[in-house]
Amino acid sequence: MISPEFIDNFHFIRPLWLLAILPAGLLCWYFRHLKKSAINWRGAIHENLLQFLVETDTNRASAKWEMRLPWALLLLGWIIASVALSGPSWEKLPQPVLQKQDALVIVLDLSLSMLAEDIKPSRLIRARHKILDILEQRKEGLTALIAYSGDAHIVSPLTDDNPTVANLTPALSPGMMPLFGSDPVAALTLSRELLKNSNINHGKVLLISDDITKDNLNEIGDSLSESGHELSILGMGTVDGAPIPAKNGFLKDNAGNIIIPQLHRQHLEDLAEKNNGRYTDVSLTDDDIQFLLPPLNINSEETEGTNLRLTDRVFDQWLDRGPFLALCLLPLALFAFRRGWILLLPLLIIEPNTSIAFEWDD
């Protein structure tokens with residue numbers, strides 16, 4: 001009995017090959033038309049003469065079989081070949097894939113200074129756009145996202161499901177954080193623990209921020225490089241800075257002065273250098289991404305520490321049953337060469353001097 005699963009999954013991988021059946025139907029119609037034309041001779045030739053020109057009823061049965069059989073076999077073989085070429089399938093195959101497991105943890109600064117508009121439309125919006133660009137360009141590997149302000153939180157753990165991470169990115173803003181402030185130490189510590197818990201020995205951390213203090217710089221030190229990871233930094237903002245928009249104008253300190261957060265590039269450069277990473281300012285093009293996250297060649301020496309893992313996953317690669325269906329053509333081929341069987345038998349019996357083993361794909 002045919003299972004419901006078979007009915008749901010049955011399809012043709014290359015359905016356009018089914019159109020090849022149409023010429024076979026046209027040929028059948030053509031030869032049937034020729035047969036009718038032969039019958040129509042009865043109206044044009046006298047009956048006494050027609051018996052010598054057209055087959056009689058006694059001979060017609062055997063002659064009809066002899067004439068129809070090759071065309072019937074041709075039609076049957078044609079249909080089988082067309083269906084086989086169309087790739088009937090109803091089962092998926094688990095495909096072992098060598099997946100590059102280089103891990104990237106994106107750490108996004110969500111402090112209030114990221115709302116400054118010295119780069120348009122704002123530091124935060126540009127940072128979110130950069131994250132989306134990175135996720136779109138990463139075709140393999142694991143990616144995690146951490147957001148921090150006064151404390152740090154995991155937005156997404158390490159995963160290869162980049163679309164899910166991308167869906168979470170547009171909602172990130174300082175207003176969703178439970179505590180205001182800026183604690184990059186907590187965020188980078190969390191990223192290091194995330195890589196460790198995932199058994200990643202050589203990962204990358206990308207910090208997207210506008211500033212760290214000297215105290216933060218000393219506290220972080222080269223902790224990431226000591227763990228086998230590298231820290232690259234994308235600087236947001238400008239040296240001149242800009243005020244932070246608020247409901248009633250701009251954000252002010254306790255003394256009533258407008259706060260103008262500036263980009264302290266030197267602090268960020270020193271931190272990246274201590275942790276075997278790179279630093280660059282944000283740009284309108286993808287040059288910053290290409291510089292901070294250059295594509296790795298699996299065969300190069302750069303990837304000695306990159307984790308490569310053989311995964312066993314079920315992708316949308318369907319098992320093509322066409323070759324098995326094509327085996328049905330063998331009896332038809334043998335029947336077509338039935339007069340040469342005597343010559344074929346010795347060839348099947350002769351043992352070759354050398355033999356080569358081929359797999360089914362060959």
Side-chain angles (χ1 to χ4, degrees), residues 105-136 143-156 165-191 205-217 220 231-269 271-272 279-289 292:
V105 180
I106 302 174
V107 180
L108 175 63
D109 185 355
L110 286 182
S111 58
L112 292 174
S113 62
M114 292 291 287
L115 296 175
E117 298 177 352
D118 48 350
I119 56 175
K120 300 299 181 181
S122 70
R123 298 179 184 181
L124 176 61
I125 295 178
R126 288 283 293 278
R128 291 191 303 216
H129 288 170
K130 284 298 176 181
I131 293 176
L132 295 177
D133 291 340
I134 292 172
L135 294 173
E136 184 178 357
T143 308
L145 180 58
I146 294 177
Y148 77 93
S149 56
D151 53 3
H153 300 274
I154 297 176
V155 179
S156 172
V165 184
N167 289 334
L168 299 173
T169 301
L172 299 177
S173 66
M176 66 181 295
M177 302 301 289
L179 184 64
F180 290 132
S182 180
D183 191 356
V185 178
L188 295 178
T189 302
L190 186 58
S191 65
V205 179
L206 176 62
L207 174 62
I208 303 177
S209 179
D210 54 8
D211 186 28
I212 59 170
T213 63
K214 287 186 177 180
D215 294 337
N216 295 149
L217 179 60
I220 297 170
L231 171 64
S232 294
I233 302 176
L234 180 62
M236 307 299 298
T238 61
V239 176
D240 296 332
I244 303 172
K247 290 183 178 179
N248 299 320
F250 299 103
L251 194 64
K252 300 178 181 180
D253 58 16
N254 295 332
N257 299 318
I258 296 177
I259 301 174
I260 301 180
Q262 298 173 327
L263 174 66
H264 292 87
R265 185 181 294 114
Q266 189 61 49
H267 295 169
L268 299 174
E269 287 179 346
L271 181 60
Y279 170 85
T280 186
D281 294 341
V282 65
S283 67
L284 293 173
T285 63
D286 289 339
D287 293 342
D288 48 3
I289 298 176
L292 297 175

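Small disclaimer: the values here were computed from a predicted structure and weren't measured. Computation of the quantities below employed the complete heavy-atom set of this structure, encompassing side-chain atoms and omitting hydrogens, waters and symmetry-equivalent molecules. Sequence positions, counted from 1, serve as the residue numbers for this chain.
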**Report entry** Audit row: D211, H267, side chain to side chain contact (heavy atoms under 4.5 Å, CB included) steps and yes/no
**Finding:** CA-CA 7 Å; D211 186 28; H267 295 169; 3.9 Å; yes
**Report entry** Worked check of side chain to side chain contact (heavy atoms under 4.5 Å, CB included) between V205 and V107
**Finding:** CA-CA 7 Å; V205 179; V107 180; 3.8 Å; yes
Report task. Show your working on side chain to side chain contact (heavy atoms under 4.5 Å, CB included) between Y148 and D109 and close with a plain yes or no. Result -> CA-CA 5 Å; Y148 77 93; D109 185 355; 3.4 Å; yes
Query - side chain to side chain contact (heavy atoms under 4.5 Å, CB included) between L251 and I258, worked out - result: CA-CA 6 Å; L251 194 64; I258 296 177; over 6 Å; no
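Not a single donor-acceptor pair under 3.5 Å links the side chain of S149 to the backbone N or O of P174. Using modelled atom types, no side-chain atom of R123 and backbone atom of D210 make a donor-acceptor pair closer than 3.5 Å. Side chain of D253 to backbone of G256: a donor-acceptor contact under 3.5 angstrom is found. In this structure, R128 contributes its side chain and L172 its backbone to a donor-acceptor pair below 3.5 Å.
Contact of the H129 side chain with the I131 side chain is not registered, since no non-hydrogen atoms from C-beta on lie closer than 4.5 Å. Within the 4.5 Å cutoff, the side chain of I212 has no heavy atoms near those of the V185 side chain. Using a 4.5 Å cut-off on side-chain heavy atoms (C-beta onward), L135 and T143 make contact. Side-chain contact between H153 and P178 is present, with at least one heavy-atom pair separated by less than 4.5 Å. The closest side-chain heavy-atom distance from D240 to D118 is not below 4.5 Å. The shortest side-chain heavy-atom distance between P261 and I259 falls under the 4.5 Å cut-off.
T285 and D287 are linked by a side-chain donor-acceptor pair at a separation below 3.5 angstrom, with hydrogens and angles left out of the test. Side chain to side chain, T213 and D215 fail the donor-acceptor criterion of an N or O pair below 3.5 Å. No side-chain donor-acceptor contact under 3.5 Å links D288 and T280.
Across every non-hydrogen atom of D151 and M177, the tightest pair is O-CE, 3.8 Å. Contact between A187 and I146 at its shortest, heavy atoms only, is O-CD1, 4.1 Å. Between A242 and A116, the shortest heavy-atom distance links the atoms O-CB, 3.7 Å. Shown here for V155 and A147, the closest heavy-atom pair between the two residues is CG2-CB, 3.8 Å. In plain terms, the two heavy atoms of F250 and P243 that are nearest each other are CD2-CB, 3.4 Å. Of all non-hydrogen atoms in K120 and E117, the two that sit nearest each other are NZ-O, 3.3 Å.
Residue I260 holds its CD1 atom at 13.0 Å from OG of S113, rounded to the nearest 0.5 Å. Going from atom CE of M236 over to atom OG of S122 covers 8.0 Å, rounded to the nearest 0.5 Å. The CD1 atom of I208 lies 11.0 Å from the OG atom of S232; values are rounded to the nearest 0.5 Å. Atom CG in L145 sits 10.0 Å away from atom CD1 in I154 (nearest 0.5 Å). Atom CD1 of I233 sits about 4.0 Å away from atom CG of L271, to the nearest 0.5 Å. Note: L206 CG to L292 CG = 6.0 Å, rounded to the nearest 0.5 Å.
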